[in-house]
Chemist: 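There's a structure below that I have some questions on.
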Amino acid sequence: MPDEIRTVYYDASLQVEAYRFVGVKQKFPPHFHDYYVIGFIEGGQRYLECRQREYIINPGDIIIFNPRDVHACEQVDGRALDYRCINIQSQRMMEIAQEITGRSYLPAFAQTVLYQSDLAPSLRELHAMICEGESDFIKEEQFFLLMGQLIHEYTDVSACEAYEGGAGFQDVCDYMETNFAGAISLDDLSALAGLSKYHFLRSFTRERGISPYSYLETVRIGHAKKLLEKGTPPADTALLTGFSDQSHFSNFFKRFIGLTPRQYMRIFSNERQMEPVLPTKGDQGV
């Protein structure tokens, strides 16, 4: 799409990613991330499903995904999506929680959507500072003030428990996360669960909100991102993470992340400096 822009920055000082999507109509299938996502809608209306609940999100709404929150979304008003978000790795979030609460733990955000939140302007301002390369400490000040308000108002600080995305079928999930690079069969997974293939598929999907195959592919994407961040070529990354071929890897990565593997790798090039990543005609594959 000629009017579509997907821009991504990595901020080395805050240790976060900042995404900005403009003019995007892509439908994102059920998937999850192993990091926190804090974003807001600037334009367009979207249907969102997260943790088996349904939402309609509009400009001014903030969305928050915990690690492993299964979610999917698509456009519902015919307009394109304008969206900004900040991605925070779990280890970094533990450091943030330590700064704010004095305790190192992973906060569990209870609300997925903050409708017409008065925090949206602050989040937009912080996002703009990251994208524009703000070097003064006003950026860090804005970051910690915003995160402090989100943690204190939308998590149970007193509970101070690590976030877990769900306990059901944990042995099966552990098996996929350990053996993601190899061949995994439905026979293996259903036998591990002690269920027939049909009942395993239905029960796992109902419990986790995502099919076993989509879970496995999402785990593979998570590991692929780490390899790309280190500069591993997309073709090698595909082989190391268990994808059947380069084309399958590229298509799946774009569907779930919104960028091609090569575009994502560029975020972390140039000695980890902030770098915009824009779609080009040559970036249709890996």
Side-chain angles (χ1 to χ4, degrees), residues 7-21 32-42 48 50-51 55 57 59-71 73 82-165 222 225-226 229 257-258 267-268 272-274:
T7 310
V8 186
Y9 295 85
Y10 177 73
D11 190 304
S13 61
L14 295 181
Q15 301 175 53
V16 301
E17 293 176 351
Y19 277 51
R20 188 181 182 197
F21 288 178
F32 59 83
H33 307 290
D34 58 3
Y35 49 81
Y36 292 83
V37 177
I38 302 172
F40 68 98
I41 307 300
E42 287 193 297
L48 170 68
C50 182
R51 288 186 276 175
Y55 308 87
I57 51 178
D61 294 342
I62 286 179
I63 57 174
I64 303 177
F65 301 136
N66 295 295
R68 301 304 173 98
D69 277 353
V70 175
H71 57 282
C73 67
D82 293 348
Y83 169 72
R84 296 176 187 247
C85 74
I86 294 173
N87 301 335
I88 306 174
Q89 295 290 338
S90 294
Q91 180 59 44
R92 178 57 174 152
M93 184 63 85
M94 291 182 70
E95 295 170 355
I96 294 166
Q98 176 73 42
E99 287 275 356
I100 293 169
T101 69
R103 293 168 288 182
S104 180
Y105 72 108
L106 291 177
F109 290 93
Q111 292 180 236
T112 298
V113 179
L114 311 182
Y115 293 107
Q116 299 301 297
S117 173
D118 58 4
L119 295 179
S122 296
L123 181 55
R124 187 188 189 286
E125 185 177 1
L126 172 62
H127 192 283
M129 288 181 192
I130 293 173
C131 293
E132 293 165 8
E134 175 63 62
S135 59
D136 208 344
F137 79 86
I138 187 174
K139 178 181 63 178
E140 190 174 17
E141 176 181 274
Q142 182 89 345
F143 178 71
F144 279 107
L145 289 175
L146 176 63
M147 292 306 302
Q149 195 164 354
L150 287 171
I151 287 175
H152 282 298
E153 293 186 11
Y154 298 103
T155 72
D156 185 355
V157 177
S158 62
C160 195
E161 296 178 353
Y163 176 79
E164 296 181 2
K225 289 178 66 178
K226 291 180 174 63
E229 289 165 13
I257 305 301
I267 303 169
F268 298 90
R272 302 298 192 272
Q273 296 300 308
M274 293 188 296

Chemist: Any idea which heavy atoms bring I100 and M147 closest together, and the distance?
Modeler: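 Here I100 and M147 meet closest at CD1-C, 3.7 Å.
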
Chemist: Roughly how far apart are C85 SG and I64 CD1, rounded to 0.5 Å?
Modeler: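 So the SG of C85 and the CD1 of I64 are separated by 12.0 Å.
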
Chemist: Looking at A120 and G60, what are the two nearest heavy atoms and their distance?
Modeler: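 Smallest interatomic distance, heavy atoms only, reads CB-O, 3.9 Å.
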
Chemist: If I compare all heavy atoms of S117 with all of I62, which pair ends up nearest, and what's the gap?
Modeler: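 Looks like OG-CD1, 3.6 Å.
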
Chemist: Could you check if a side-chain atom of L150 sits within less than 4.5 angstrom of a side-chain atom of L114, using non-hydrogen atoms only?
Modeler: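 Heavy-atom side-chain distance check passes, below 4.5 Å.
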
Chemist: Could you grab the distance from atom CD1 of I38 to atom NE2 of H127, nearest 0.5 Å is fine?
Modeler: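 Separation between the atoms: 11.5 Å.
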
Chemist: May I ask you to test the I257-Y19 pair for a side-chain heavy-atom distance under 4.5 Å?
Modeler: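 They are in side-chain contact.
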
Chemist: Sort and list the pairs that fulfil salt bridge (charged side-chain N to carboxylate O under 4.0 Å, His left out) and have at least one residue in residues 108-118, not counting sequence neighbours.
Modeler: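 Found none.
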
Chemist: Can you confirm whether more than 12 heavy atoms, excluding those of L145, are under 6.0 Å from its CG atom?
Modeler: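 More than 12 heavy atoms, drawn from other residues, nucleotides or ligands, come within 6.0 Å of this atom.
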
Chemist: Whether the side chain of E132 engages the backbone of E134 through a donor-acceptor N/O pair (distance < 3.5 Å, no angle test) should be reported.
Modeler: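 Side chain of E132 to backbone of E134: no pair is present.
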
Chemist: Assess whether side-chain contact (heavy atoms from CB on, under 4.5 Å) is satisfied between F109 and D69, documenting all intermediate values.
Modeler: CA-CA 10 Å; F109 290 93; D69 277 353; over 6 Å; no

Chemist: Given side-chain contact (heavy atoms from CB on, under 4.5 Å), test F40 with D61 step by step and report yes or no.
Modeler: CA-CA 6 Å; F40 68 98; D61 294 342; over 6 Å; no

Chemist: Is the shortest side-chain N to carboxylate O distance from E229 to K226 below 4.0 Å?
Modeler: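 Looking at K226 together with E229, the answer is no, because their closest N to O distance does not fall below 4.0 Å.
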
Chemist: For the residue pair M93 and P107, what are the closest heavy atoms and their distance?
Modeler: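 Taking every non-hydrogen atom into account, CG-CD, 3.5 Å.
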
Chemist: Flag the pair H33 / N87 as yes when at least one side-chain heavy-atom distance between them is below 4.5 Å, and no otherwise.
Modeler: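 Contact flag for H33/N87 side chains = no.
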
Chemist: Salt bridge (charged side-chain N to carboxylate O under 4.0 Å, His left out): which pairs involve residues 120-131, sequence neighbours left out?
Modeler: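 Sorted result for residues 120-131: E42-R124.
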
Chemist: Grab the two heavy atoms, one from I151 and one from Y105, that are nearest each other, plus how far apart they are.
Modeler: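 Minimum heavy-atom contact is CG2-OH, 3.9 Å.
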
Chemist: Once rounded to the nearest 0.5 Å, what's the spacing between atom CD of E140 and atom CG of L126?
Modeler: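 It is 11.0 Å, given to the nearest 0.5 Å.
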
Chemist: Ring centres of F65 and H71 under 6.0 Å apart?
Modeler: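 Yes, they do, as the ring centres are separated by less than 6.0 Å.
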
Chemist: Show, in sequence, the C-alpha distance, side-chain angles and deciding distance for S13 and K139, and conclude whether the side-chain contact (heavy atoms from CB on, under 4.5 Å) test is met.
Modeler: CA-CA 10 Å; S13 61; K139 178 181 63 178; 3.2 Å; yes

Chemist: To the nearest 0.5 angstrom, please state how far the CZ atom of R84 sits from the CZ atom of F21.
Modeler: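 These two atoms lie 13.0 Å from each other.
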
Chemist: Quick one: are I130 and F143 in side-chain contact, heavy atoms under 4.5 Å?
Modeler: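 Counting from C-beta outward, I130 and F143 never come under 4.5 Å.
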
Chemist: Does the plane of the ring in Y115 sit parallel, tilted or perpendicular to the ring in Y55? Use 30° and 60° as the thresholds.
Modeler: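 Rings of Y115 and Y55: tilted, as their planes differ by 30° to 60°.
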
Chemist: Between Y154 and L119, is there a side-chain heavy-atom distance shorter than 4.5 Å?
Modeler: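 The answer is yes; the side chains approach within 4.5 Å.
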
Chemist: Are L14 and I86 close enough, and set up right, to give a side-chain contact (heavy atoms from CB on, under 4.5 Å), and what steps lead you there?
Modeler: CA-CA 11 Å; L14 295 181; I86 294 173; over 6 Å; no

Chemist: Listed by chain and number, what are the ring pair (Phe, Tyr, Trp, His ring centres under 6.0 Å) partners of F32, not counting sequence neighbours?
Modeler: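 Per chain and number, F32 pairs via ring pair (Phe, Tyr, Trp, His ring centres under 6.0 Å) with Y215.
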
Chemist: How many angstroms lie between atom CD of E99 and atom CD1 of I96, to the nearest 0.5 angstrom?
Modeler: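 Those atoms lie 9.0 Å apart.
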
Chemist: Does I138 reach the side chain of M129, with side-chain heavy atoms less than 4.5 Å apart?
Modeler: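 In contact.
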
Chemist: Heavy atoms, side chains only, cut-off 4.5 Å: are Q91 and M94 in contact?
Modeler: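 Side-chain contact under 4.5 Å: yes.
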
Chemist: Determine whether Y36 and L106 make a side-chain contact, defined as any pair of heavy atoms from C-beta on separated by less than 4.5 Å.
Modeler: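 Y36 vs L106: side chains touch.
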
Chemist: Can you list the steps and then say if K225 with D34 is a salt bridge (charged side-chain N to carboxylate O under 4.0 Å, His left out)?
Modeler: CA-CA 11 Å; K225 289 178 66 178; D34 58 3; 5.5 Å; no

